[in-house]
Number of protein chains: 2
Amino acid sequence: MVDTAPSEPQERPRRSDATRAAILDAARDRFAADGYERATIRAIAKDADIDPSMVMRYYGNKAGLFAAASEIDLRLPDLAAVPRDRLGEQLIRHFLDRWEGDETLTGMVRVAVTNEAGAERLRDVFTEQIRPALAAICPAPEELDSRAALIGSQLVGMGLLRYILILPPAAALPREEVVAWLAPTLQRYLTAEHP
Amino acid sequence: MVDTAPSEPQERPRRSDATRAAILDAARDRFAADGYERATIRAIAKDADIDPSMVMRYYGNKAGLFAAASEIDLRLPDLAAVPRDRLGEQLIRHFLDRWEGDETLTGMVRVAVTNEAGAERLRDVFTEQIRPALAAICPAPEELDSRAALIGSQLVGMGLLRYILILPPAAALPREEVVAWLAPTLQRYLTAEHP
DNA sequence: TATCGTTGCCAACAAGCGTTGACCAACATG
DNA sequence: CATGTTGGTCAACGCTTGTTGGCAACGATA
């Protein structure tokens with residue numbers, strides 16, 4: 001126990017914060033690069049330049065470490081502020097940035113595919129971030145789930161082929177070409193009438 | 001060595017063919033369900049009701065077993081025989097059948113995401129099956145790769161969300177709704193002019 | 001019947017895994 | 001200064017992994 005007040009979890013800076021952060025950083029990298037099984041605690045500890053037992057002390061076990069390391073923020077913009085006819089374009093541009101910016105997204109998918117906790121986390125991201133963001137502009141509320149799923153399918157599909165499987169024809173596609181092709185698709189999934 | 005003629009690899013039926021097949025069946029199931037790492041040779045051998053050492057004898061090592069167990073046939077129809085304005089619909093229907101029919105596709109993706117040999121195999125499937133099938137009907141040959149990648153991205157994206165991650169809004173989408181939404185997308189990727 | 005490749009099981013190996021507990025140094029508090 | 005808490009290292013545990021080699025039973029051939 002560290003808390004001084006029981007009701008307020010007042011977090012005072014600990015001397016070990018740097019170590020904790022180093023572990024978390026290394027864990028994120030390893031999980032993203034190798035997936036859950038092959039990202040071993042020993043490898044993570046080595047990257048962080050500490051002893052494997054520290055990982056256990058601070059995060060309990062491997063599952064706890066993953067839970068702590070897999071907090072994701074898609075940083076979705078406020079779509080209500082985007083011109084209605086450019087929503088698709090904005091969406092695909094934002095996600096290309098997120099896929100390419102760091103290994104957060106690739107890592108999340110890599111883990112989610114073979115690990116139930118990872119899949120759960122990805123489902124959380126959907127309901128807590130994607131759904132609300134789209135709710136602001138979705139025409140009919142009862143269609144929100146369907147439309148969000150459709151949009152997600154196209155976005156994650158291109159990400160998978162381009163950045164994880166690195167399928168040459170997908171990876172070689174120029175960014176602007178991806179935007180030109182996918183933007184109308186997303187725009188339709190988001191704003192078109194139910195077919 | 002089993003071959004009798006050096007030039008012709010004349011395969012005579014072996015007494016162990018049943019065992020070999022049982023191993024391969026079990027391996028396919030395990031790889032599909034658990035991914036490469038968690039599909040252990042011991043578990044596969046137990047499913048096949050034989051000793052783990054038999055797997056090694058007949059397939060060399062785990063990588064060899066995977067190579068033998070991961071031969072995939074998408075059974076793509078002859079698209080040239082399909083009415084041009086129904087290509088998208090036919091495509092999505094065929095792939096929904098393949099995703100749902102057995103665990104071949106889900107397994108392939110599950111392994112490919114965290115295993116390089118699996119990714120390689122999936123890339124092979126693309127160049128050897130998807131590309132040629134689309135070549136028969138693609139308007140401009142120089143655009144074949146791009147269009148095939150786009151189609152692949154939408155198909156694999158929906159499959160991932162619906163059958164692997166089992167994201168509720170995607171999994172709950174009625175089949176005909178998926179067809180109605182995705183068919184126009186695929187039709188456009190396949191036949192529309194370059195945007 | 002004697003021979004020899006094939007088929008299968010068994011026990012074991014070395015390596016790697018997640019995890020634990022003992023132990024020491026540094027620090028903050030009385 | 002004495003004391004308890006925290007940060008960190010080390011060695012080891014029990015277990016699972018892929019993989020290996022020995023050995024017994026079978027089946028075809030001679």
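Note on naming: letters A, B, ... go to the chains in the order of the sequence lines (proteins, then strands), and numbering restarts at 1 for each one. All heavy atoms count here, side chains included; hydrogens, waters and symmetry mates do not. Nothing here was measured: the structure is a model prediction, and the numbers come from that model.
- A straight line from NZ of B/K62 to P of D/dT20 spans 15 Å, rounded to a whole angstrom.
- The distance from atom CG of B/D17 to atom P of C/dT6 is 13 Å, rounded to the nearest whole Å.
- Side chain B/R57 to base C/dG8: a donor-acceptor pair is found below 3.5 Å.
- For the pair B/E176 and B/R93, the salt-bridge criterion is met [side-chain N within less than 4.0 Å of a carboxylate O].
- Salt bridge A/R98/A/D73: absent, no basic N to carboxylate O contact under 4.0 Å.
- A straight line from CZ of B/R15 to P of C/dG8 spans 7 Å, rounded to a whole angstrom.
- As a whole-Å value, the separation of A/R20 CZ from D/dT6 P is 11 Å.
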Problem set entry | side-chain contact (heavy atoms from CB on, under 4.5 Å) assessment of B/T106 paired with B/L160 | CA-CA 8 Å; B/T106 59; B/L160 187 74; over 6 Å; no
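- Within the nucleic acid shown, B/Y59 has no heavy atom closer than 4.0 Å to any nucleic acid atom.
- Side-chain atoms of B/R123 come within 3.5 Å of backbone atoms of A/L165 as a donor-acceptor pair (strictly under, hydrogens ignored).
- Relative orientation of the B/H194 and A/W181 rings is perpendicular, given thresholds of 30° and 60° on the angle between their planes.
- Judged purely by distance below 3.5 Å, without hydrogens or angles, the side chains of A/T114 and B/Y36 never pair a donor atom with an acceptor atom.
- Looking at residues 36-56 of chain A, you'll see A/R42, A/D51, A/S53, A/M54 sit with a heavy atom under 4.0 Å from some atom of DNA chain D.
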